[in-house]
Amino acid sequence: MAQQRALPQSKETLLQSYNKRLKDDIKSIMDNFTEIIKTAKIEDETQVSRATQGEQDNYEMHVRAANIVRAGESLMKLVSDLKQFLILNDFPSVNEAIDQRNQQLRTLQEECDRKLITLRDEVSIDLYELEEEYYSSSSSLCEANDLPLCEAYWRLDLDTDSADGLSAPLLASPEPGTGPLQVAAPAHSHAGGSGPTEHT
């Protein structure tokens with residue numbers, strides 16, 4: 001048997017009062033029940049008539065039954081007081097219940113953390129696959145190295161502008177010392193005649 005913990009004087013007195021209430025209520029129930037059984041016994045003729053004796057016994061049985069009910073209610077009240085006393089003063093049991101609840105909550109937290117980590121890994125894998133699919137589908141717009149979509153379109157515009165500038169006709173630059181540029185007139189063919197005559 002575990003060693004009984006020393007209680008403060010007030011708690012010890014309270015427990016003694018609970019013990020006394022318990023014994024008194026049980027004794028009251030037993031005594032009144034015994035007297036009720038005695039009144040059921042048929043006695044010999046006395047100076048009191050049977051009708052009067054019957055009424056007296058009936059009244060006594062009602063009173064003792066009421067005493068039994070009162071003692072029972074007192075016992076129920078005693079049980080409630082004992083529960084309240086245990087809840088308020090049994091700190092080791094309360095601490096043990098708190099520790100068990102904390103352990104349950106920690107286990108639940110660890111399980112939630114594991115599920116969240118698994119979900120994070122799965123989402124990371126899916127995002128990586130989606131990025132690979134996106135960049136592989138837009139490889140025609142990008143260079144060998146993967147570029148963001150906006151930069152890919154920007155480089156595509158620069159390449160288009162450069163191609164347009166190179167395809168435009170270039171004018172021949174004049175050689176040094178040949179004088180100003182002269183635009184060559186297109187040669188016109190005149191049917192049935194010579195070229196234009198020179199006037200002096």
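This structure is a prediction, so every number in the text was calculated from the model and none was measured.
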I'd like to know if the side chain of Asn58 and the backbone of Gly54 have a donor-acceptor N/O pair within less than 3.5 Å.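 No: the side chain of Asn58 does not pair with the backbone of Gly54.
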Going by side-chain contact (heavy atoms from CB on, under 4.5 Å), name the residues that satisfy it together with [X], two or more places apart in sequence or in a different chain.
X	result
Ile117	Arg120, Asp121
Asn32	Ser28, Arg64, Asn67, Ile68
Met30	Ile26
Thr52	Val48, Ser49

Could you tell me if the side chain of [Y] sits less than 4.5 Å from the side chain of [X], heavy atoms only?
X	Y	value
Glu132	Tyr128	yes
Arg101	Leu105	yes
Lys20	Gln16	no

Please list, chain by chain and in numerical order, all residues satisfying side-chain hydrogen bond (donor to acceptor under 3.5 Å, both in side chains) with Ser74, sequence neighbours excluded.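 Residues passing side-chain hydrogen bond (donor to acceptor under 3.5 Å, both in side chains) with Ser74: Asp25.
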Check side-chain hydrogen bond (donor to acceptor under 3.5 Å, both in side chains) between Asp31 and all other residues, then give those that pass, not counting sequence neighbours.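 Asp31 satisfies side-chain hydrogen bond (donor to acceptor under 3.5 Å, both in side chains) with Lys27 once adjacent residues are dropped.
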Assess whether a salt bridge exists between Arg70 and Glu73, defined as any Lys/Arg side-chain N lying under 4.0 Å from an Asp/Glu carboxylate O.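 Not counted as a salt bridge, because no side-chain N and carboxylate O are separated by less than 4.0 Å.
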Flag the pair Glu110 and Arg106 as a salt bridge only when some basic side-chain nitrogen lies within less than 4.0 angstrom of an acidic carboxylate oxygen.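 Looking at Glu110 and Arg106, the cut-off is not met.
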Quick one: do Glu35 and Lys38 satisfy salt bridge (charged side-chain N to carboxylate O under 4.0 Å, His left out)? Show the steps, please. CA-CA 5 Å; Glu35 293 299 327; Lys38 286 181 180 180; 3.8 Å; yes
